[in-house]
Each structure stands twice: as C-alpha cells, then as structure tokens.
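All residue numbers refer to positions in the sequence shown, counting from 1. Numbering of ligands and ligand atoms starts at 1, following listing order. Note that the structure is a prediction, hence the values are computed from the model and not measured.
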Amino acid sequence: MTNIAFIGLGIMGSPMAVHLANAGHSVAGYNRTPDKAQPLVEAGGRAADSIADAVQGADVVCVMVPDSPDVETVLAGQGGVFGSAAPGALVIDFSSIRPDVTAALAEQAAAKGFRLLDAPVSGGEAGARNAALSIMVGGSADDFEAAREVFDVVGKTVVHVGPSGAGQTVKAANQLIVAANIQALAEAVVFLEAYGVDTKAALEVLGGGLAGSAVLNQKKENMLTRSFQPGFRIELHHKDLGIVTAAAREAGVVAPLGALVAQLMASARANGDGGLDHSGLLRGVERLSGRTSENGEN
Ligand code: NAP
C-alpha cells in the first residue's frame, strides 16, 4: 500500500483516483471544487482541503489538471507540491501539457529533491473509467519502474518512451491523429446522411474494415445521436493542437493536416462549442455544409 496524493479530480482524475483507492492504496484527493472528491471518498479515499493537506505523508503525488499554467501552479506555485511535499516524493503528471514546460518543471523538481514523470494518457473518459488507459511516460527508467504500481492500476498499455518531456511529445502526436480521425468521421457521417443512407448500418460495416478505429467505436454514438456531453472537451483538444502546431514548427517539420484540424477545432471553439465533446466537430461540418442537426442545436 502506498500513500498517494491525487490533485485534480475532474473527468479523468476522479475515476483514476477511485481505481487507486479500490486497489488498496491510501489516497488523499484534492480538487478546487470540493464536491468532485465525493466519488473518491465513497471509494475509501480522503478529501483534502488543500494541496498541502493532500501531499502530507505522500510517497507519490499524481496530478491531472488541464493545461501547462495549471500544472505550473499546482507544482511550483505558492502552496504547491514542491513547497509542501516531502522531498524524495515521486510526482506523476498525467496532464497533457507542453513538452518544454514539462522539461523545465522536471529540472525544478530535481533541484528540490523530487522525481517528476510526465505521463499523459489516451483512451478518453471510457479509458479512465475502465482502467484501460494508454500511458506514455517520459522521465528516468528508475522512476518509471517505481511508478509501475500506479500505472498498472489505471492503465493497460504503459510505455516508457524516453526522457523528461518525451511523454508529452508522444501525446501531442496522439492528439494530431485523434483530431484528424474525428474530423474524417464527422465528414463521413454528414456525407452519408446527405444521401439518406442508414448511417448506423453504414458505420457498423465501416467499423469492420480498414476505416475501423477506436475513434469510430467510441464516438459514433455521439455523432448519430448528436449528444456531445464531454468526454474530452473541444477546449482541451484546442489546447493540444496548439502544442502540436507549435512543437512541429519548432522542430522544423510540417503537419498540414494538423494545421487544418487545429483551425477547425479553433472554429468549433469560436462558435461556442468549447465545452462540448470533441465529437462535436460534427457541428462544424454541418455549419460549413449549410446543414442543421435534426435536434436543431446548430
Ligand atoms: P477536467 O474535467 O476539466 O478536470 C480538470 C480538473 O483540474 C478539475 O477538477 C479542475 O478543478 C482542476 N483544475 C483546473 N485548473 C486547476 C488549477 N489551476 N489548479 C488546481 N486545479 C485545477 O479535465 P479532464 O478532462 O479531466 O482533463 C485533464 C487532463 O487530461 C487535460 O490535460 C486533458 O487534456 C487530459 N486528457 C483528458 C482526456 C478526456 O477524455 N477527458 C483524455 C486524455 C487526456 P475544478 O473542478 O475546480 O475546475
């Protein structure tokens, strides 16, 4: 049994913390909005009232917050992990953030006697709920081994991909692939509907061929029923595609499709869809095609 602090109990963090508590670990969770700690408490965990409270006696500190500035605040800000946790603690950042920010935070962590792994995840809300996440880990091999007891509880495919920041670079590539897939699926759905095809049947057969994908399996229902409750918010995918386009430019490589889906994601956000699941890209295809959803939301 390990003493674990878990900071950020949102769509992803909450089920992950619950799995860790169910696995027998002692988990203290902190969330800015306190009522989100309720599922963890019901699983036998403790609701902490501050980061400092959560990290008291913690051997492992897990973080799952939205963006780079949030991770900087949680780790290095006033009352944050670096100022409150016991040196030597292993800090696992599951958030998807900029690789350069991760690398800078890892240096700060080392200077203060902490070990930091970047461990962004893929698999969506379903992956978090089913403890079936893919986890791409950057950091030292020793720290990766030490974190295995945590990774194995929440993940299914867990791979050490390189030094600090490498996990975030792999996650950026993941987000490029996922966005392009969702956009293609959305375009196919609007296209099929325009021809009056039985879209459910069409997606069933497409799912069995080369067009099949985890995106198709997990997102087809959202698109068919126009239910875009997150899931993974467009706002967050917009953040990730900003990381992709900036990092590609920095590396001197071009990602034309990435640039295009970044624009389409930005358009979805600008049209007020930032809080919807990223399968809501379909609404943008409808807008561009001059079509409205059957439920009249567009
Ligand atoms: P979320 O539901 O918005 O949860 C984020 C949590 O972080 C919230 O509980 C929020 O607290 C807390 N938080 C936000 N800013 C904070 C700050 N500055 N200080 C302290 N706490 C803060 O987001 P999510 O969907 O779980 O995503 C979390 C991370 O996982 C993101 O980096 C995202 O890109 C990544 N991710 C998400 C998915 C997915 O399908 N959702 C999949 C893979 C990866 P409040 O409750 O007070 O707002």
If I apply the N/O under 3.5 Å rule, does [X] come out as touching ligand 1?
{"X": "Lys36", "result": "yes"}
{"X": "Ser95", "result": "no"}
{"X": "Gly13", "result": "no"}
{"X": "Val121", "result": "no"}
{"X": "Gly231", "result": "yes"}
{"X": "Gly8", "result": "no"}

Evaluate the side-chain proximity of [Y] to [X]: yes if any heavy-atom separation is below 4.5 Å, no if none is.
{"X": "His278", "Y": "Arg233", "answer": "no"}
{"X": "Gln168", "Y": "Asp240", "answer": "no"}
{"X": "Asn3", "Y": "His25", "answer": "no"}
{"X": "Val60", "Y": "Ile92", "answer": "yes"}
{"X": "Leu133", "Y": "Lys156", "answer": "no"}
{"X": "Leu260", "Y": "Gln183", "answer": "no"}

Between Phe6 and Phe94, how do the two ring planes meet: parallel, tilted or perpendicular, split at 30° and 60°? parallel

At under 4.0 Å between heavy atoms, which part of [X] makes contact with ligand 1: side chain, backbone, both or neither?
{"X": "Leu236", "result": "side chain"}
{"X": "Lys239", "result": "side chain"}
{"X": "Lys171", "result": "side chain"}
{"X": "Arg32", "result": "both"}

So, 4.0 Å and heavy atoms of His237: is ligand 1 close enough to count as a contact? no

Look at ligand 1 and say whether Thr73 reaches it with a heavy atom at a distance under 4.0 Å.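 Heavy atoms of Thr73 never come under 4.0 Å of ligand 1.
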
Report, in ascending order of atom number, the atoms of ligand 1 lying under 4.0 Å from any heavy atom of [X].
{"X": "Val74", "answer": "19 (N), 20 (C)"}
{"X": "Leu9", "answer": "9 (O)"}
{"X": "Thr33", "answer": "45 (P), 46 (O), 47 (O)"}

Linking I/L/V/M/F/W/Y whenever their side-chain heavy atoms sit closer than 4.5 Å, directly or via other members, would [X] and [Y] fall into one cluster?
{"X": "Val178", "Y": "Met223", "result": "yes"}
{"X": "Phe228", "Y": "Leu203", "result": "yes"}
{"X": "Ile4", "Y": "Phe114", "result": "no"}

Please list the nearest protein heavy atom to [atom] with its residue and the distance rounded to 0.1 Å.
{"atom": "atom 32 (O) of ligand 1", "value": "Pro66 O, 2.7 Å"}
{"atom": "atom 4 (O) of ligand 1", "value": "Gly10 CA, 3.3 Å"}
{"atom": "atom 35 (C) of ligand 1", "value": "Ser96 OG, 3.7 Å"}
{"atom": "atom 9 (O) of ligand 1", "value": "Asn31 OD1, 2.5 Å"}
{"atom": "atom 22 (C) of ligand 1", "value": "Val65 CG1, 3.7 Å"}
{"atom": "atom 39 (C) of ligand 1", "value": "Phe232 CD1, 3.2 Å"}
{"atom": "atom 6 (C) of ligand 1", "value": "Met64 O, 3.9 Å"}

Search all heavy atoms of Arg46 against all heavy atoms of Val41 and return the closest pair with its distance. C-CG2, 4.5 Å

Which heavy atom of Asp277 sits nearest to which heavy atom of Gln229, and what is that distance?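 Heavy atoms of Asp277 and Gln229 come nearest at CB-O, 3.7 Å.
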
For the pair Lys239 (side chain) and Ser96 (backbone), establish whether a donor and an acceptor sit closer than 3.5 Å, ignoring hydrogens and angles. yes

Closest heavy-atom approach to atom 24 (P) of ligand 1 among Met12, Glu125, Glu72 is made by Met12

